[in-house]
There are 2 protein chains.
Amino acid sequence: MGSLRKGEATRERLLETAERAVLDKGFSATSIEELIAEVGITKSGFFYHFRDKNELALAMLERYIETDLSELSAFAERAKQLSDDPLQRLLIMLKLYAELLDGVTPERSGCVAASMAYQENQISRQVAARMRDLVLAWRRHFRSMLDDVAERYPPRDAVDLDTVADMCAGVLQGAVVLAKMLKDQRVMGQQVMVLRSYIKLLFQPGLN
Amino acid sequence: MGSLRKGEATRERLLETAERAVLDKGFSATSIEELIAEVGITKSGFFYHFRDKNELALAMLERYIETDLSELSAFAERAKQLSDDPLQRLLIMLKLYAELLDGVTPERSGCVAASMAYQENQISRQVAARMRDLVLAWRRHFRSMLDDVAERYPPRDAVDLDTVADMCAGVLQGAVVLAKMLKDQRVMGQQVMVLRSYIKLLFQPGLN
DNA sequence: TCGCTACTGTACCGCAAGTGCAGTTTCAAG
DNA sequence: CTTGAAACTGCACTTGCGGTACAGTAGCGA
């Protein structure tokens, strides 16, 4: 059938190789020639799959968004199984995420979208649009969890829940940057745990 | 005297131009030829000042660190004048920062260090070392303010203050990334205000 | 055996980084 | 007024990368 054609396999290997390289050293520092050498095809072969480097970026982003969002859903699902309480669910999910981050290798850590974000004005409109979609998806995801929490536990501080939802994604993005700057992966897990502390303080009753 | 030599002025113009370009479109997308065209010197002139692009990066980072840390100190100083209470000082400082971020233009927003952080393995050891220094300086800065707060107001949650200090810098870094991805500057100010909310909840007494 | 998919091979262009070096202007100290 | 260092210019050249163009071909399923 068409679903597992040979071309798809090569394309996937290119995307996988590119993702590793991009997370390790950035998009513009990743050369096409380096990718084809690792995958074992020629330059012509590369341009058979992608019109140009920008289209590679778009495909990488598309792929990243898909896996990232399904990972997020999986964690939410797992948390749902582990507790009935909306606050506990959110806290469990953040703990799961922190544990995931502690186990990831330095070279593979980072966000494909964020690595492209800092090269703003050289990326295409389509890439920019998909980046925006991703942030909005994160916002929706955390917002819906926060809504469930706020319904049962009134927040202790007057904050906009969309902004708190953004913070959930933002703290992680910031933690990645700090981890890269410090060359210390541990800060990622740590930062998520501090975010958890905020959620606890914001909603959890009976904390003095 | 040696302090305001002509060479220093040209070098400074190069660094200033480079910083604007890098914040707008990233380091690797910023070409030397574009810089010299704007500054009005030749390629040879550029290489008289910097051995290569990496040395430019190092000088930019050095310059950025200096101005960033002095800006931070200035805000802390201003907050010190406005209140005697350590918690209020920190909250005021964050508010000042949020206001600064709301007023900055999109092209000039961002952190020179962070824009280089995502190109990790192609930057020199020296640049990496200075990036580390910067994060540690941020940590020290916020940590000392947090220590003052914690002395008077015991924290409501068992968190490591170094990690909270990292979060102060991290939320900002994350907010920059989100702002770039969303093309919406407002999230930067918003995120700092949520961070403020955390500090309030963590330390402020009498909140229910 | 036909034709499509998935490539290879070759040749070439333009741009940016970087090298090397000789020559020139500017300006301040002797 | 001269001299010499600082701050460049000018030119020629190399390498690497992104990208174009296009002809040819191996494998494979209908």
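Convention: sequence-line order gives letters A, B, ...; per-chain numbering from 1.
- For the residue pair B:D68/B:W138, the side-chain donor-acceptor check at 3.5 Å is satisfied.
- Between the side chain of B:S44 and the base of D:dG10 there is at least one donor-acceptor pair of N/O atoms closer than 3.5 Å.
- In the set D:dC8, C:dG9, D:dC17, D:dC17 carries the atom at the smallest distance from any side-chain atom of A:S31.
- As a whole-Å value, the separation of B:N54 CG from C:dA17 P is 13 Å.
- The separation between B:F46 atom CZ and D:dG10 atom P is 18 Å, rounded to whole Å.
- Between B:L182 and A:R139 the shortest side-chain heavy-atom distance falls below 4.5 Å.
- Distance, A:I36 CD1 to D:dC17 P: 10 Å, rounded to whole Å.
- With distances taken from any side-chain atom of A:K53 to the nucleotides D:dG18, C:dG9, C:dG18, the minimum falls on D:dG18.
- A cation-pi arrangement is present between A:K53 and A:F27, with the terminal nitrogen or guanidinium carbon under 6.0 Å from the aromatic centre and inside a 45° cone about the axis.
- With 3.5 Å as the limit, one finds a donor-acceptor pair spanning the side chains of B:Y198 and A:S197.
- Using a 4.0 Å heavy-atom cutoff across all strands shown, A:G7 reaches sugar-phosphate atoms only and no base atom.
- A:Y48 has its OH atom 9 Å from the C1' atom of C:dC4, to the nearest Å.
- Atom CD1 in B:I32 sits roughly 13 Å away from atom C1' in C:dC15 (whole-Å rounding).
- The distance from atom NZ of B:K43 to atom C1' of C:dT19 is 10 Å, rounded to the nearest whole Å.
- Using a 4.0 Å heavy-atom criterion, one finds that A:S28 contacts no nucleic acid atom at all.
- Counting to the nearest Å, the P atom of C:dC7 and the CD atom of A:E8 are 10 Å from each other.
- If you check every strand for non-hydrogen atoms under 4.0 Å, A:R11 touches nothing.
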